[in-house]
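What follows is a single structure, written as structure tokens, with notes after it.
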Amino acid sequence: NLAEGFADEFRKICEEVILVSGKINVALSGGSTPKILFTVLAVEYKNKINWDKVNFYWVDERCVPPDDDQSNFGMTNGSLLKTITIPEKNIHRIIGENDPGKEAERYSDLLKKNIQVKNNFPEFDLILLGIGEDGHTASIFPDQMQLLHSGKYCAVAIQPKTGQQRITLTGKVINNAERIYFTATGKGKSEVVGKILNKKNNYLEYPASHIQPGRGVLKWFLDKEAGKQVVKS
């Protein structure tokens, strides 16, 4: 099962990085697939990971308060953080209720201060990404491809259908990570995942296809449904 497999891999990465660095910096995404993963971590890995040494950041956040149903932080808090014993100082949420432009700047400053900068961008140990049926990842949508190449760490994005403002890490920060893990479940994702991984058709129109770490590791965790259009090499 995808969630079980990912959770065990997450445990191994935490052990490996903490052994070398004394801590691990992870950026989390929202969505239905991460929620399943977080629930597995909360239940089965509550006492198997040294949560004292894990620092959580967010890939993106909707501009809503933390108790809003749409808050990525709120979802993670409910499904994982409330269950595990983790110091408050290790949780670095994007403050969705703040002024978006100011919050993007504040969060950029926080990353600069807390995370080792390499190649002019913060270097996360692990970034967890999802993908939308439209090929967006983080809050980088197909009509905002410039966010892939921005020199900023964080930017304000607009959800094209709803006009909702969001704060997102930019493409250069994501691609600077040591490890990037995409997770996708369900047949709704199969077409876009197939195009990107098979490098077919108009796949470069999808922001997720441009996530290619400079030196780091890129892995895709797919369930059977999401992966059914991927041609095995």
Side-chain angles (χ1 to χ4, degrees), residues 10 23-35 37-38 41-42 51 54-82 84 86-117 121-132 136-141 144 146-148 150-183 207-208 211:
F10 181 80
K23 63 175 182 180
I24 182 168
N25 294 316
V26 182
L28 302 173
S29 289
S32 51
T33 310
K35 188 174 183 176
L37 303 175
F38 299 160
L41 286 171
W51 297 108
V54 179
N55 290 285
F56 283 132
Y57 297 83
W58 272 261
V59 170
D60 65 331
E61 183 58 279
R62 298 173 175 97
C63 293
V64 295
D67 55 359
D68 189 289
D69 287 348
Q70 295 196 22
S71 166
N72 286 342
F73 166 78
M75 182 276 284
T76 312
N77 195 39
S79 53
L80 175 63
L81 303 177
K82 279 183 171 172
I84 59 174
I86 184 168
E88 195 126 322
K89 65 177 174 56
N90 292 17
I91 299 165
H92 307 277
R93 79 176 179 97
I94 296 173
I95 303 173
E97 63 273 32
N98 279 0
D99 170 86
K102 286 181 182 158
E103 180 56 17
E105 281 180 31
R106 183 198 73 85
Y107 209 66
S108 300
D109 290 342
L110 179 79
L111 298 183
K112 197 174 205 169
K113 194 177 85 198
N114 288 3
I115 297 178
Q116 184 181 358
V117 171
F121 289 92
E123 184 184 46
F124 278 98
D125 297 303
L126 174 63
I127 292 184
L128 175 61
L129 294 175
I131 180 170
H136 85 268
T137 191
S139 281
I140 304 175
F141 294 92
Q144 291 154 70
Q146 73 278 7
L147 296 179
L148 289 165
S150 170
K152 294 179 174 177
Y153 294 178
C154 300
V156 180
I158 308 285
Q159 210 286 353
K161 286 193 177 133
T162 63
Q164 182 190 55
Q165 290 187 297
R166 297 183 178 191
I167 294 158
T168 185
L169 297 183
T170 60
K172 287 192 173 183
V173 173
I174 295 169
N175 279 332
N176 203 42
E178 283 276 340
R179 299 164 193 80
I180 301 171
Y181 281 38
F182 271 101
T183 60
I211 302 304

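All values below come from the heavy atoms of this structure, side chains included, with hydrogens, waters and symmetry mates left out. The first residue in the sequence is number 1, and the count goes up from there. All values reported here derive from a predicted model rather than from experimental measurement.
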- Would Leu28 and Val59 count as a side-chain contact (heavy atoms from CB on, under 4.5 Å) if you check the C-alpha gap in whole Å, the side-chain angles of each, and the deciding distance to 0.1 Å? CA-CA 6 Å; Leu28 302 173; Val59 170; 5.8 Å; no
- Query: Would Ile158 and Gln165 satisfy side-chain contact (heavy atoms from CB on, under 4.5 Å), going step by step from the backbone distance to the final call?
  - Reply: CA-CA 5 Å; Ile158 308 285; Gln165 290 187 297; 3.7 Å; yes
- Taking all atoms of both residues into account, what is the closest heavy-atom pair of Glu97 and Pro65, and its distance? OE1-CA, 3.9 Å
- Message: Tell me which one of Ile180, Thr183, Asp60 satisfies side-chain contact (heavy atoms from CB on, under 4.5 Å) with Leu129.
- Response: Ile180
- Message: To the closest 0.5 Å, what do you measure between CD1 (Ile127) and CD1 (Ile174)?
- Response: 5.5 Å
- Should Asn72 and Arg62 be marked as a side-chain contact (heavy atoms from CB on, under 4.5 Å) after you check the CA-CA gap, both sets of side-chain angles, and the distance that decides it? CA-CA 7 Å; Asn72 286 342; Arg62 298 173 175 97; 2.9 Å; yes
- Where the side chain of Tyr107 meets the backbone of Leu169, is there a donor-acceptor pair that is under 3.5 Å apart? no
- Query: Are the side chain of Thr168 and the backbone N or O of Ser139 linked by a donor-acceptor pair below 3.5 Å?
  - Reply: yes
- Which residue, Leu111, Val26, Asn55, Ile24, forms the side-chain contact (heavy atoms from CB on, under 4.5 Å) with Phe124? Leu111
- Task: Could you tell me whether a side-chain N or O of Asn176 sits under 3.5 Å from a main-chain N or O of Pro122, the two making a donor and an acceptor?
- Result: yes
- Between Ser108 and Ala104, the two heavy atoms sitting closest are OG-O, 2.7 Å
- Note on the structure: Value for OG (Ser29) from NZ (Lys35), rounded to nearest 0.5 Å, stands at 15.5 Å
- Message: Rounded to the nearest 0.5 Å, what separates atom CG in Leu128 from atom CZ in Phe10?
- Response: 8.5 Å
- Note on the structure: In this structure, SG of Cys63 is separated from CD of Gln70 (nearest 0.5 Å) by 11.0 Å
- Task: List the atom of Lys152, the atom of Phe121, and the distance in Å for their closest heavy-atom pair.
- Result: O-CE2, 4.0 Å
- Distance in Å, Phe73 CZ paired with Ile95 CD1, rounded so as to fall on 0.5 Å steps: 10.0 Å
- Message: Which label fits Trp51 and Phe56: parallel for a plane angle under 30°, tilted from 30 to 60°, or perpendicular past 60°?
- Response: tilted
- Task: Give the minimum heavy-atom separation between Pro207 and Phe141, together with the two atoms involved.
- Result: CG-C, 3.6 Å
- Whether Ser71 side chain and Asp67 backbone form a donor-acceptor pair below 3.5 Å: no
- Query: So Ile91 and Leu81, side-chain contact (heavy atoms from CB on, under 4.5 Å) or not? Walk me through it.
  - Reply: CA-CA 9 Å; Ile91 299 165; Leu81 303 177; 4.0 Å; yes
- Query: Do any N or O atoms from the side chain of Gln159 and from the backbone of Thr162 form a donor-acceptor pair under 3.5 angstrom?
  - Reply: yes
- Can you measure from CH2 (Trp58) to CD1 (Ile94) and round to the nearest 0.5 angstrom? 9.0 Å
- Query: Which heavy atom of Met75 sits nearest a heavy atom of Ser79, and at what distance?
  - Reply: O-OG, 2.7 Å
- Query: Is it true that a side-chain atom of Thr170 and a backbone atom of Leu148 form a donor plus acceptor pair closer than 3.5 Å?
  - Reply: no
- Can we say Glu103 and Arg106 salt-bridge, meaning some charged N sits less than 4.0 Å from an Asp/Glu carboxylate O? yes
- Leu147 and Ala157: which non-hydrogen atoms are nearest, and at how many Å? CD1-CB, 3.9 Å
- Asn25 backbone acceptor or donor facing Asp125 side chain under 3.5 Å: yes
